[in-house]
Number of protein chains: 2
Amino acid sequence: MNEPTAPGRVGDVRRRNLSLVLDSIAKTVDAKPSRAQLAAGTGLTKAAVSSLVADLVESGLVSEVGLYRDGERGRPGQGLELNSRRGVVGMEINVDYLAVGLVDLAGNLRFHSAVESRNRGMPPAKVMEQLAGLAAEAKAAAVAEGIAILGGGLAVPGLVDEKSNVVLSAPNLHWESEQLNPTSLLEGAPLGVKLSNEANSAALGELWYGGGKPDFLYVSGEVGVGGGVIIGSELYIGPGGSAGELGHIVVHPEGPECSCGGFGCLETFAGQEAIFEAAGIAGGTLGERTGMLLAALRTQEPKATQAVSDAGRYLGVALASAARLMDIEAVVLGGHFAVLGGWLKPSLLASLERYAPGLLAPENLTISRLEHSGTLLGAAGQVIRSVIESPFEFLLASKLA
Amino acid sequence: MNEPTAPGRVGDVRRRNLSLVLDSIAKTVDAKPSRAQLAAGTGLTKAAVSSLVADLVESGLVSEVGLYRDGERGRPGQGLELNSRRGVVGMEINVDYLAVGLVDLAGNLRFHSAVESRNRGMPPAKVMEQLAGLAAEAKAAAVAEGIAILGGGLAVPGLVDEKSNVVLSAPNLHWESEQLNPTSLLEGAPLGVKLSNEANSAALGELWYGGGKPDFLYVSGEVGVGGGVIIGSELYIGPGGSAGELGHIVVHPEGPECSCGGFGCLETFAGQEAIFEAAGIAGGTLGERTGMLLAALRTQEPKATQAVSDAGRYLGVALASAARLMDIEAVVLGGHFAVLGGWLKPSLLASLERYAPGLLAPENLTISRLEHSGTLLGAAGQVIRSVIESPFEFLLASKLA
DNA sequence: CCAATTAGTTTTCAATCTGAACTATATGGG
DNA sequence: CCCATATAGTTCAGATTGAAAACTAATTGG
């Protein structure tokens, strides 16, 4: 009724095992496993692994990196790793800036570039044009480093339809039902460009390239308060694709009206604008206002400390509810909340302890260290991940070419 | 890192296809598909379906039910259906009653029995003893109807460890870390007895045997306020197995202290006890108090209508948060909330519209019609479902026997 | 320099699906 | 009554794939 549940064919076994072997290689970062180690790790026979690895090497996804002697005696193994001469471009459109990065299959950020850009209210075509300039830089970097670009990921701060490349709504950009053509940013990349949501991408970036526990809630404090839910090392997006809207959890039933039309949403207490306003900070670019807020916090200006403490308290209420509802055991703070982390944490932890005592251990509340590259890494990572999960399709395509 | 991700073997294809065919037969209730129709429906060839069905019939899971002529000409097909001479016993321990039911593979409730029983504070052994009497009734009914019992499911109002048959905690029963031996209730049943959570089972019962949309939140108003989250036709239990704790969402940060140690939880506003207290109803059994409340509502006694209206309002706050966070599009009210449904719905809908305007269409807020058999059906259904999802294991077992 | 040890390949075999040919059983028109 | 047509279901050769075991390759230490 839901998935059409395709029949199992004999060939599916190979699809699955190709992915299993590739994933094992990907997981074993720094270790460069041999075929024999992969056989032991996966439960497959050496014969099967040899055959599978041959296909993966031929397609260019995996490369052999010299010999590897581990034990005392015996023939040394051939080290295997994800080919670092294949890469994916991660891109991000946000309210105040644009950014690109080049990530190789092994997960190294090989190039990074960002520009400030006031995108709120700007027509999508204009923004895409500017982004194309950054993408060209990434392409040039790839050529310089000898990296073949397989595809790209583009994160935007809004709800997207990944299949049709439509931004369904991005209120903070004032976009609604905007058809983008992200694939044109990377002409010729075999896997094209995948559109995704900013908070979700950041959560995935944190999972794959940051402090990646298998289950956690990522809290994204950009202009809005967003979230990304990771369960069992997978992104939970919900039936309609818009799960994780932490910013519109009701934290006070008598609270003020929110831009979403509801009342008492977390965003009205802990959104960037709300914090700036409560701290009495106005005017200037986002960067300037953030600087002013941090300066005020450093001098312990009462209005500023109170504003951040209040935000932490209400964030604690929201997280208590979220943790109880979804059985979440760890939280990672990103974006604005990462910047304010140190000032936010005390009131946040106190609030969590008040509203959900014993549920979330303080050491499970962490601050993202990926800073602004998390979203990029996540956007690119989704494409890398799709190859790791279905290498068979990639093999087919590369055989045709 | 999380699942050990077993390697794909050639034989896995058959496992999957056995399940695919069995599931197709199960989904096609009333239609009794032929092998040819299954082939068309699944995408497998007739040859493969014939071979798979042969195994399923031999194991007793599927039975052939006479000829079936559909078109104008041609040889008629052999109708196939889940064997209604195989059944599973669903059992429920709750605070105020015990219940059992016999469910055949096709999902028909063939026998049902319940007794009132004050189980709060009762030692588990005593409760299990009484339940054994009910289980014996179900076994006798199975013999009378010629049904072979494959296994059973036992739902309890608390957090359970399904692997070790331990009730980790059931605060409303005053149980903590209680080792049960549910399998002894159905001596000789090849699949044993599976322990599960009451709210989750009720949600699954609603999914499989009620108004089963693929995505919804089931709200269980028993003594506590629980919930079960169904996403993509599967139960979401979270990393620790305790997701869906709707009762401890914070609906008012200045609310009273809750039994969980937190403050302002939904349960303190909309739990059974809270409603009775606010309505000024005390004394007597649960059934008597419920009767008094319904009577007071019918005569529009102000305290009672106000109590229920308040409960609905706060339930709306919790559902608004839950719907935003998990992207939930439909809600089913069960238990106490189903009983109060008509009186609760107006304030609940108004509150939802205030706190999350436009998110949940009124027609997607429904009241369960399964009444007290929902939990039973879900508990038994989990065992039936496990057979449908891995018939290969069942085939193996039945070949050995 | 050879025994021991470990890595990786080749070969044979069994499981399982597909596809095509074949058998089985019904309807309806001449 | 009988045969063309149509549909259901079975049988059998062919292809894919991993398991198991035998084999080849490469390295170390005595």
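FYI, side chains are in, hydrogens and waters are out, and symmetry mates aren't considered; it's all heavy atoms of this structure. All chains are named by letter (A, B, ...) in the order of the sequence lines, taking the proteins before the strands, and each is independently numbered beginning at 1.
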So, does B:T45 use its side chain to make a donor-acceptor pair with the main chain of B:A48 at under 3.5 Å?
-> yes

Base, sugar-phosphate, or nothing: which does A:S50 touch, judged by heavy atoms less than 4.0 Å apart?
-> base

Checking side-chain contact (heavy atoms from CB on, under 4.5 Å) for the pair B:I388/B:L82: CA distance, chi angles, key distance, verdict?
-> CA-CA 10 Å; B:I388 291 174; B:L82 291 187; 4.3 Å; yes

Given atom CG of A:L20 and atom P of D:dT17, what is their separation to the nearest angstrom?
-> 16 Å

Would you mind reading off the distance between A:Q78 atom CD and D:dT27 atom P, rounded to a whole angstrom?
-> 10 Å

Just the table, please: protein N/O against nucleotides 15-18 of chain C N/O, every pair under 3.5 Å.
from   : atom 1 : to    : atom 2 : distance (Å)
C:dC17 : OP1    : B:N17 : ND2    : 3.4
C:dC17 : OP2    : B:R14 : NH1    : 2.8
C:dT18 : OP1    : A:R9  : NE     : 2.6
C:dT18 : OP2    : B:T45 : N      : 3.3
C:dT18 : OP2    : B:T45 : OG1    : 3.1

How close or far is atom C1' of D:dT7 from atom CG of B:L38, stated in whole angstroms?
-> 15 Å

When only distance counts, do a donor and an acceptor, one from the side chain of B:R75 and one from the base of D:dA8, lie under 3.5 Å apart?
-> yes

So does B:R73 reach the base of D:dA6 with its side chain, donor to acceptor, closer than 3.5 Å?
-> no

Cationic N near anionic O, under 4.0 Å, B:R16 to B:E389 = no

Identify which one of A:I231, A:N200, A:I230, A:D215 satisfies the side chain to side chain contact (heavy atoms under 4.5 Å, CB included) criterion when paired with A:Y236.
-> A:I231

Salt bridge flag under 4.0 Å for residues A:D12 and A:R15 | yes

Inspect the contact between B:K27 and B:D23 and indicate whether a charged nitrogen and a carboxylate oxygen are less than 4.0 angstrom apart.
-> yes

